[in-house]
Amino acid sequence: MSARVLVAGIGNIFLGDDGFGPEVVGRLPTASEENQRIVDYGIRGLHLAYDLLDGWDAVVLVDALPNTGAPGRVQILRAEPESGATTAMDAHAMNPEAVFAAVRALGGVVPPTVVVGCQVDSVAEGIGLSPVVAAAVEPAAAEVTRIAAQLRAGQEV
C-alpha cells in the first residue's frame, strides 16, 4: 500500500513571485496518482489546515522563499511541523507555521512535511513571476513529482 501524499501549492498570485507555489502546482499533471492529491491553496491557510486533518502520511508544500539567497534557486527543505509554534491563524493568509498550529489546535497531527521552494526576486504588488523565478517553475515541478513519488513509496526524502 502506498503512502497518502498531499501536494499543496501556497502563495499569493497578486504579489509577484509569491505566486510561485500556485504556478508550480498548475503545471503538475491533472490526473491524480494513486493516494496523491494536488491542490492550489493560494492564501487559504485554514482550508489547508482542515485538509491536513484527513490523515495524510506526508505533505509537500510548494512555496516562495524569502529572498535569502540567489533569486530563482530551487531548494528542498524539511519542515519541522511539530515545533510547537503558536502563530495566530488568519483565514485569509498563508503562513505554514500558523497552519501547523491550527492543525494541532484542532486535534490533528501534522504529517512529515517537505518544502519545495524558490528564492524570490520580488514580492511587489502585481500578477506574474519575475523572469528568474518563472524559469524555476519547470525544474521545481519535476522535483515535486520526484519527491511525491518517493514519499508515496515510503522512501525518505
Side-chain angles (χ1 to χ4, degrees), residues 4-33 35-52 54 56-81 83 85 87-103 110-152 155-157:
R4 296 181 67 231
V5 176
L6 176 64
V7 176
I10 59 179
N12 188 336
I13 65 167
F14 298 109
L15 294 176
D17 292 341
D18 195 51
F20 177 77
E23 185 69 28
V24 170
V25 298
R27 302 281 176 96
L28 297 175
T30 55
S32 292
E33 297 288 335
N35 292 326
Q36 175 177 289
R37 185 170 167 217
I38 300 169
V39 180
D40 172 6
Y41 286 96
I43 59 170
R44 300 177 324 227
L46 195 55
H47 184 180
L48 174 57
Y50 277 108
D51 281 356
L52 286 173
D54 287 340
W56 297 97
D57 297 309
V59 63
V60 178
L61 297 179
V62 187
D63 197 6
L65 300 174
N67 192 9
T68 58
R73 188 177 83 199
V74 174
Q75 291 181 266
I76 312 303
L77 309 166
R78 202 93 158 99
E80 300 297 333
S83 68
T87 306
M89 187 70 203
D90 178 351
H92 303 289
M94 176 57 80
N95 176 330
E97 292 170 349
V99 170
F100 296 156
V103 170
V110 180
T113 303
V114 176
V115 178
V116 176
C118 179
Q119 295 293 321
V120 300
D121 186 35
S122 172
V123 290
E125 286 186 20
I127 297 175
L129 302 177
S130 65
V132 69
V133 172
V137 169
E138 289 299 329
E143 284 298 305
V144 169
T145 300
R146 179 187 65 78
I147 290 166
Q150 281 183 276
L151 292 168
R152 285 193 321 276
Q155 299 171 356
E156 288 289 319
V157 175

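Only this structure's heavy atoms are used, side chains among them; waters, hydrogens and symmetry mates stay out.
- Looking only at side-chain heavy atoms (C-beta outward), V39 and R44 come within less than 4.5 Å of each other.
- Taking all atoms of both residues into account, the shortest heavy-atom contact from A136 to C118 is CB-SG, 3.8 Å.
- The only member of I147, N35, V114, V60 that meets side chain to side chain contact (heavy atoms under 4.5 Å, CB included) when paired with V5 is V60.
- Here the closest non-hydrogen pair linking A49 and A102 is CB-CB, 3.9 Å.
- With hydrogens and angles ignored, the 3.5 Å screen pairs a side-chain donor or acceptor of T113 with a backbone N or O of P111.
- The line from CG of L65 to CD of Q75 is 5.5 Å long, rounded to the nearest 0.5 Å.
- Contact record, P22 with G19: CD-O, 3.3 Å, taken as the closest heavy-atom pair.
- Side-chain contact check for L48 versus L61: some heavy-atom pair is nearer than 4.5 Å.
- None of V7, V62, I13, V25 except one satisfies the side chain to side chain contact (heavy atoms under 4.5 Å, CB included) rule with D40; the exception is V25.
- The minimum heavy-atom distance linking I38 with P29 is given by the pair CD1-O, 3.8 Å.
- The closest side-chain heavy-atom distance from V144 to L28 is below 4.5 Å.
- Annotation: Q155, atom CD; neighbour count of heavy atoms from other residues, nucleotides and ligands within 6.0 Å is above 12.
- Of the possible polar contacts, none joining the D18 side chain to the V123 backbone as a donor-acceptor pair under 3.5 Å is found.
- For R73, there are no salt bridge (charged side-chain N to carboxylate O under 4.0 Å, His left out) partners at least two apart in sequence or on another chain.
- Counting only heavy atoms from C-beta outward, the side chains of I127 and F14 approach each other to under 4.5 Å.
- Ionic pairing of R37 and D51 is present here: one or more N-O contacts between side-chain nitrogen and carboxylate oxygen are shorter than 4.0 angstrom.
- Distance check, rounded to the nearest 0.5 Å: CG of D17 to CG of L15 gives 10.0 Å.
- When all heavy atoms are compared, the tightest approach of G72 to V133 is N-CG2, 4.2 Å.
- Within the model, atoms CZ of R4 and CG of L151 stand 13.5 Å from one another, a figure rounded to the nearest 0.5 Å.
- Shortest non-hydrogen contact noted between A141 and R27 is CB-CB, 4.4 Å.
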